[in-house]
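To start, the structure itself, in structure tokens.
Every value quoted in this text rests on a predicted model; they were computed, and no experiment measured them. Positions are given from 1, in the same order as the sequence printed here. Both backbone and side-chain heavy atoms feed into the values below; hydrogens, waters and symmetry mates do not.
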Amino acid sequence: MLKKLAESKLEGGLNLGDDFDGYSDLDSPSESEDEDDVGYLVAPQHHKRGRGKQKQNDTETEEREATFYVGQQFENPKTFRKAIIDYSIDKGRNIPFSKNDSTRVCAECEHKDKGCKWRIWASWERGRRSFTVKTFVSEHTCGRTPIIKKMTSHWIAEHYQNLFKVNPYMRVQDIQETIWLEKGIRVSKDKAARARRRGQALIVGEYKEQYALLPRYAAEILRSNPGNTVKLKLDANVFDILYLCFEALRKGFLAGCRPFISLDGCFLKGPFGGQLLVAVGRDGNNQMFPLAWAVCEVESTDTWSWFLELLATDLGTSEGAGYTFMSDQQKGLLAAVSNVFPQAESRVCARHVYCNFRGVFGGGLEYRKQFWTIAKSNTVNHFNENIEVMRGISHEAAEDLLKRNYKKWCRAFYTPLSCCDSVDNNMSEVFNAYILSARHKPIITMLEDIREGLMERLHKKRDFIGKKEIMLCPRIQIQLEKHKIWARGWNAYWDGGFCYGVREGATQVKYVVDLNQHTCSCNAWQVSGIPCKHAIVAIWNKVDHPEQYVNAYFCKQTYMKAYEFLLEPLNGPQEWPTSDSIVVAPKVKKVNGRPKTKRRYGVGEVTASGKLKRTGCSMKCSLCGVIGHNKRGCKNAPKQQQHNNHATAEQTTPQQQHPRTSSAIPMHNRGVGIYTYPNGYQRIATPISQHFPTPQRQRPPAAFYSDHGGEQTIYSFPAHDFPLSQTQPSQGHTISSQALQDLAMARRLEKRP
């Protein structure tokens, strides 16, 4: 818009070549007659004064639309050639180079023999270091064509680089359709496939470049805040592990979060693969609070141990006393936690335990409900009762659960140190979903997306709760209100001190509540930090508010302490400190077949396909009766059954064989033996040598017997297909008319032409 406006001002007599004096050259004078409500943005109206002037204006318009003009300067011949290629693709014309060297370039339309005059010539200008257009004829008399030779696979890969970043494994048909819709040009499948390979190569090159920038990126993080922790581990200059923990997150976790940490790892989707190890805490509103993360190549006991040792240093603990760690039973994680934090409480996700349990016993609604009832048992006696209920359903299932280290996933055996009664590892799954869109990006881009997302999250969460006039965090208040409703029907009896006896109606279900120690014999208050329904009845009996007895971790003041620290922004790569360290990218991970772009759903996970998955269901083979496979994958019965079938077929007589069990191959193509037609009609073929002499070095034909009224006749014919029109078989033996009729009938029964 500004270019067109400048051209209109030039025609009005303004000189844009004057030096800038502090005011815009595009401002129109206040007394201008062309000024209206929008001021100088309205272009002056030009009146037609003659055909010559109109023709000149049309020519100038064509030159502007052509993107080339005489006197146009380029840096070098390479940039000029690129402009010609872009013009050829944009206009849909094939424009080959008639002259193309380091001093001059000439391009002409391919239809110059048919009268098209389009031509351009450019060369170096004397006395100046600029490649200038000397000749240009912009007139095209030919039309567009859907096939442009200048659109190479290299051009497609560079032009659609962002598209390949989003989907490196884009289908060839999608690439063809995208180019056709945007450019109106058809490309072959081979060219689209080559473009995809080049696009993937460009992406891999960008990934490698970012690995080389990791030392400078780490230096920039330390420059912004020396309190941040950045550890880069190399193996002979090859990238191994990168650990990150920002001071704002570390201080916020120690000041306002419970000592509960969820550990998990997720796959990275780039060409180099790798794993992202994360440690996620819980804030006062029961939402995720990321603490630290690391990028590694392989998830193992060594990598988890290295990650947890650095995490212990940042938390200021050596044995992990007072902390609780929740994990998903991943490779080497349990061993690393026990080695680095021997005094910490270790839990495992109950959902993953159930998935393993379901893979053995097939799951089902009854199994699933009883399992979660067991996992959420608050006391040891309640746990034993629920185990007995499971034993009534299946004795083997109950024994299997007792072997799965139940003290790590059952609420009855949790300690009250972390004030968290969660039996699953959902916080880590939430963080993995939070960074899902960044996991396919290059390493620094991914890390920056995570950091910038958390930088926004910190102040948004702080402002959201800070503006509310509340005592407890919203989610905790909702949970407390549920406990108040569940307290209906319970009665409290005071002992005169701080203890209360709570009974449900007229039953003998009783619990003891101590308001001074914030405990209940049901164990729910100690583990969660929120008064249970029994404690609420006792608090009401004391004429007090249950909100006063909620743990301080869930109060607004504690929540604000977690989010009061600011995460500092970083400069771009152009301003990062220099570094002499050399980092080499790891090897590209190649997988067989088409790479998987979607996560494999585990047993019991809900999918969006709308179909009921049979994953985890036990199958029973209909052949061997063994549970665990079906008849397709049976390796027990089929071989024996086939052997028995063959043995039975050899022992039975031709009259006992079923017509459907015989082969459909014609008898004279099968050689000798018994052949049964679909209607039960049988033939017996024997070698001809038993009845007629056979010349040497010649394959004997086949023959069969046919009984007609007790009279046996031998018919002979060659091994290949015998035509009905032939009356003389090979070997010179004559076939009677009755034999031909029998042969014709056999072929009709076989439905042969």
Side-chain angles (χ1 to χ4, degrees), residues 254-260 282-286 321-324 343-345 347 376-386 407 410-423 469-562:
L254 296 175
C257 294
R258 290 164 282 175
F260 182 88
R282 287 175 178 254
D283 60 14
N285 199 30
N286 259 345
Y323 284 94
T324 301
Q343 298 183 9
E345 180 188 4
R347 302 180 186 177
K376 296 180 180 180
S377 302
N378 290 321
T379 63
V380 177
N381 291 334
H382 193 199
F383 169 78
N384 293 330
E385 293 175 1
N386 292 326
K407 292 186 178 181
C410 180
R411 190 178 291 170
F413 304 95
Y414 288 174
T415 61
L417 298 176
S418 60
C419 292
C420 181
D421 61 351
S422 177
V423 296
E469 297 294 334
I470 55 177
M471 178 181 177
L472 300 178
C473 294
R475 294 191 174 190
I476 307 303
Q477 185 66 49
I478 293 174
Q479 188 173 354
L480 185 63
E481 294 299 323
K482 291 181 180 179
H483 292 178
K484 292 178 181 179
I485 296 176
W486 296 342
R488 298 172 182 174
W490 290 80
N491 301 316
Y493 302 92
W494 185 33
D495 68 344
F498 295 99
C499 294
Y500 289 80
V502 181
R503 186 177 67 183
E504 184 181 12
T507 64
Q508 293 300 317
V509 180
K510 299 179 182 180
Y511 294 95
V512 177
V513 177
D514 189 343
L515 297 183
N516 187 30
Q517 299 295 329
H518 288 196
T519 61
C520 178
S521 58
C522 74
N523 199 36
W525 191 1
Q526 298 92 292
V527 174
S528 65
I530 303 173
C532 60
K533 56 185 178 181
H534 317 119
I536 289 177
V537 175
I539 294 170
W540 282 344
N541 186 275
K542 189 183 176 183
V543 192
D544 206 345
H545 297 286
E547 286 78 5
Q548 301 291 338
Y549 292 84
V550 177
N551 195 285
Y553 283 122
F554 306 109
C555 297
K556 176 183 176 180
Q557 295 179 353
T558 307
Y559 181 91
M560 297 300 294
K561 292 180 181 179

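Under the side chain to side chain contact (heavy atoms under 4.5 Å, CB included) rule, Tyr553 has a single partner from Cys420, Cys473, Pro259, which is Pro259.
Pro531 places a side-chain heavy atom less than 4.5 Å from the side chain of Val550. A heavy-atom distance below 4.5 Å is found between the side chains of His382 and Glu385. Side chains of Val509 and Trp490 form a contact here, defined as non-hydrogen atoms less than 4.5 Å apart. Within the 4.5 Å cutoff, side-chain heavy atoms of Asn286 are placed close to those of Arg258. Considering only heavy atoms from C-beta on, Asn378 stays 4.5 Å or farther from Val527 through its side chain. Using a 4.5 Å cut-off on side-chain heavy atoms (C-beta onward), Val380 and Phe413 make contact. The side-chain heavy atoms of Val513 and Cys499, taken from C-beta on, include no pair separated by under 4.5 Å. Side chains of Met471 and Gln548 form a contact here, defined as non-hydrogen atoms less than 4.5 Å apart.
Here the OG1-CG distance, from Thr379 to Asn384, works out to 8.5 Å after rounding to the nearest 0.5 Å. Note that CH2 of Trp494 and CG of Asn541 are 8.5 Å apart. Values are rounded to the nearest 0.5 Å. Within the model, atoms CZ of Phe554 and CZ of Arg475 stand 12.5 Å from one another, a figure rounded to the nearest 0.5 Å. Going from atom NE2 of His483 over to atom CD1 of Ile536 covers 6.5 Å, rounded to the nearest 0.5 Å. The CD1 atom of Ile476 sits 10.5 Å away from atom CD1 of Ile470, with the distance rounded to the nearest 0.5 Å. Note that CG of Asn285 is 12.5 Å distant from OG1 of Thr558, once rounded to the nearest 0.5 Å.
Residues Asn551 and Cys419 come closest through the heavy atom pair ND2-SG, 3.3 Å. When all heavy atoms of Ser528 and Ala524 are compared, the pair lying nearest together is OG-O, 2.7 Å. Taking all atoms of both residues into account, the shortest heavy-atom contact from Ser377 to Asn386 is OG-ND2, 2.7 Å. Closest approach of Ile539 and Pro546 over heavy atoms only: CG2-N, 3.8 Å. In this structure, Ala538 and Leu515 approach most closely via the heavy-atom pair O-CD1, 4.2 Å.
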### Task
Go through the steps to decide whether Ile530 and Gln479 satisfy the test side chain to side chain contact (heavy atoms under 4.5 Å, CB included), and finish with yes or no.
CA-CA 8 Å; Ile530 303 173; Gln479 188 173 354; 3.5 Å; yes
### Task
Report the C-alpha distance between Cys520 and Gln526 in whole Å, list the side-chain angles of each, state the deciding distance to 0.1 Å, and finish with yes or no for side chain to side chain contact (heavy atoms under 4.5 Å, CB included).
CA-CA 7 Å; Cys520 178; Gln526 298 92 292; 4.2 Å; yes
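Pairs of residues two or more places apart, or lying in two chains, that qualify as salt bridge (charged side-chain N to carboxylate O under 4.0 Å, His left out) and include a residue from residues 538-558 are Lys484-Glu547. Within the structure, no pair that satisfies the salt bridge (charged side-chain N to carboxylate O under 4.0 Å, His left out) test touches residues 506-534, not counting sequence neighbours.
The closest side-chain donor-acceptor pair between Tyr414 and Arg347, if any, does not fall under 3.5 angstrom.
Remark: side-chain polar atoms of Ser418 are not paired, donor with acceptor, to backbone N or O of Phe260 under 3.5 angstrom.
By the 30° and 60° cut-offs, the orientation of the rings of Tyr549 relative to Trp525 is perpendicular.
Other residues, nucleotides and ligands place no more than 12 heavy atoms under 6.0 Å from the CZ atom of Phe498.
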